[in-house]
Student: 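Here you go, one structure.
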Amino acid sequence: MPAIFINPINKEHEKLLQKLDVQNQDLRIFVSDKLPMDFIEKLPGKKAIGNIEDDSHIFTASEGAYCGIYYEDMDSELRKVFLDSIHSSSLQRIIWISMKEPSEEILSIENLTYINYVDEGNYIEKVLELEEVEKIKDSIIYLK
């Protein structure tokens, strides 16, 4: 099933995306136009580059994808943007990765699993597992 990763920003995401690219034959990426082009060029998959703070750019890029994988970093203020893009999208499964605690608004989204992590990269295997299963059971997963 087509998957899109929204907001890759570091080498850990590059590793995750390489594994997702092997696992999923239709990997898409929405990446901020503020990131260095040499980083963007290393990422596998079909890339959409745009304004990460504009929900319409994100949901447009996600058209036709089944699974949306959203990465919310600690410094960003993307939560509202991500929520708006999800509500406007046709995504059937959402995986939200964040160090922040989830809000009720996020957890109320159907077919969403929230991965709350502590250490960078310890969510890679969990994302790979969730992306390929038929049905997700947990709405929140705490990784320590």
Side-chain angles (χ1 to χ4, degrees), residues 1-132 136 138-144:
M1 299 277 184
I4 184 165
F5 189 99
I6 292 99
N7 198 31
I9 60 170
N10 58 37
K11 289 196 178 288
E12 294 298 326
H13 295 156
E14 186 180 340
K15 289 178 195 174
L16 170 58
L17 290 167
Q18 288 169 352
K19 291 180 177 187
L20 273 171
D21 193 42
V22 171
Q23 178 173 300
N24 188 310
Q25 298 303 311
D26 189 358
L27 177 63
R28 304 162 190 195
I29 301 164
F30 185 83
V31 62
S32 172
D33 56 6
K34 295 177 183 171
L35 292 173
M37 193 51 73
D38 62 330
F39 171 75
I40 295 171
E41 288 172 353
K42 291 179 190 175
L43 302 174
K46 300 172 191 162
K47 298 172 197 84
I49 303 167
N51 183 353
I52 195 72
E53 296 168 357
D54 185 335
D55 64 287
S56 68
H57 287 203
I58 297 170
F59 84 76
T60 300
S62 72
E63 275 303 307
Y66 179 81
C67 179
I69 305 163
Y70 287 74
Y71 177 77
E72 176 187 31
D73 64 23
M74 285 302 289
D75 299 327
S76 76
E77 297 194 13
L78 294 174
R79 188 164 276 202
K80 181 174 177 358
V81 173
F82 285 0
L83 284 166
D84 290 345
S85 73
I86 290 167
H87 290 304
S88 299
S89 78
S90 60
L91 294 169
Q92 300 298 305
R93 174 179 300 149
I94 312 293
I95 301 169
W96 189 306
I97 307 163
S98 181
M99 292 179 90
K100 297 178 182 181
E101 285 295 317
S103 68
E104 280 302 315
E105 187 177 9
I106 294 170
L107 295 178
S108 71
I109 297 172
E110 195 172 320
N111 297 318
L112 181 139
T113 297
Y114 194 94
I115 299 175
N116 183 263
Y117 74 97
V118 176
D119 296 319
E120 192 67 44
N122 73 342
Y123 51 79
I124 290 176
E125 293 306 316
K126 184 55 72 176
V127 169
L128 292 170
E129 175 189 323
L130 293 172
E131 190 274 332
E132 73 175 354
I136 295 178
D138 301 314
S139 63
I140 185 163
I141 298 170
Y142 288 100
L143 299 177
K144 304 273 180 200

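Values below: every heavy atom of this structure, side chains too, minus hydrogens, waters and symmetry copies.
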Student: Specify the closest pair of heavy atoms between S90 and G64, including all atoms of both residues, with the distance to one decimal.
Tutor: OG-N, 4.3 Å

Student: Taking all non-hydrogen atoms of both residues, which atom of E131 and which atom of N24 are closest, and how far apart?
Tutor: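 Result for this residue pair: OE2-ND2, 2.5 Å.
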
Student: Quick one: are L78 and I6 in side-chain contact, heavy atoms under 4.5 Å?
Tutor: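 Side chain of L78 against side chain of I6, heavy atoms only: no contact under 4.5 Å found.
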
Student: Could you go through I58 and I52, starting from their C-alpha distance and side-chain angles, then the distance that decides it, and tell me whether this counts as side-chain contact (heavy atoms from CB on, under 4.5 Å)?
Tutor: CA-CA 7 Å; I58 297 170; I52 195 72; 4.2 Å; yes

Student: Considering non-hydrogen atoms only, spot the tightest contact between F39 and P8 and give its length.
Tutor: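 In terms of heavy atoms, the two residues are closest at CE2-O, 3.7 Å.
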
Student: How long is the span from the CD1 atom in I29 to the NZ atom in K46, to the nearest 0.5 Å?
Tutor: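 Answer for the CD1-NZ pair, I29 versus K46, is 11.0 Å.
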
Student: Donor-acceptor check, side chain of R28 to backbone of G68, threshold 3.5 angstrom: yes or no?
Tutor: no

Student: What are the two closest heavy atoms between I115 and K126, and how far apart are they?
Tutor: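 Of all heavy-atom pairs spanning I115 and K126, the closest is CD1-CG, 3.9 Å.
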
Student: Answer yes or no: are there more than 12 heavy-atom neighbours, outside E101 itself, under 6.0 Å from its atom CD?
Tutor: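 Check passes, neighbour count above 12.
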
Student: Between K80 and E105 (salt bridge meaning N to carboxylate O under 4.0 Å), is one present in this structure?
Tutor: no

Student: Is it the case that the side chain of S62 and the backbone of A65 share a donor-acceptor pair, with hydrogens and angles ignored and the cut-off at 3.5 Å?
Tutor: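 Answer holds: no.
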
Student: Rounded to the nearest 0.5 Å, what separates atom OG in S139 from atom CD1 in I94?
Tutor: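 Output value for this atom pair is 14.0 Å.
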
Student: Taking 4.0 angstrom as the limit, do K47 and E41 come out as a salt bridge?
Tutor: no

Student: For the pair Y71 and Y123, name the ring-plane relationship: parallel under 30°, tilted 30 to 60°, perpendicular over 60°.
Tutor: tilted

Student: Rounded to the nearest 0.5 Å, how far apart are OH of Y142 and OH of Y114?
Tutor: 8.5 Å

Student: Quick one: do L16 and L128 satisfy side-chain contact (heavy atoms from CB on, under 4.5 Å)? Show the steps, please.
Tutor: CA-CA 8 Å; L16 170 58; L128 292 170; 4.1 Å; yes

Student: Step by step, would you call H87 with I109 a side-chain contact (heavy atoms from CB on, under 4.5 Å)?
Tutor: CA-CA 9 Å; H87 290 304; I109 297 172; 4.0 Å; yes

Student: Show your working on salt bridge (Lys or Arg N to Asp or Glu O under 4.0 Å) between E125 and K19 and close with a plain yes or no.
Tutor: CA-CA 9 Å; E125 293 306 316; K19 291 180 177 187; 3.3 Å; yes

Student: Name the orientation class of the two ring planes belonging to W96 and F82 (parallel below 30°, tilted from 30 to 60°, perpendicular beyond 60°).
Tutor: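 Correct class here is perpendicular.
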
Student: Provide the closest heavy-atom pair for R79 versus S98 in the form atom of the first, atom of the second, distance.
Tutor: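 Nearest heavy atoms, R79 then S98: NH2-OG, 4.2 Å.
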
Student: Considering only heavy atoms from C-beta outward, does the side chain of M37 approach that of I40 to under 4.5 Å?
Tutor: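 Answer yes - side chains close enough.
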
Student: Enter the distance from N116:CG to L143:CG here, rounded to the nearest 0.5 Å.
Tutor: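 Nearest 0.5 Å value for the CG-CG distance: 8.0 Å.
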
Student: Go through the steps for E14 and L43 under the test side-chain contact (heavy atoms from CB on, under 4.5 Å), then give the verdict.
Tutor: CA-CA 6 Å; E14 186 180 340; L43 302 174; 4.1 Å; yes

Student: Around atom NZ of K100, are there more than 12 heavy atoms from other residues, nucleotides or ligands closer than 6.0 Å?
Tutor: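 Buried by this count: over 12 neighbours within 6.0 Å.
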
Student: Atom CG in N10, atom NZ in K15: separation rounded to 0.5 Å?
Tutor: 9.5 Å

Student: What is the distance from atom CG of N111 to atom CG of L91, rounded to the nearest 0.5 Å?
Tutor: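 Separation between the atoms: 10.5 Å.
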
Student: Taking atom CE of M99 as the centre, report whether more than 12 heavy atoms of other residues, nucleotides or ligands fall under 6.0 Å from it.
Tutor: yes

Student: Kindly give the heavy-atom pair with the smallest separation between V81 and D55, and that separation in Å.
Tutor: O-CB, 3.4 Å

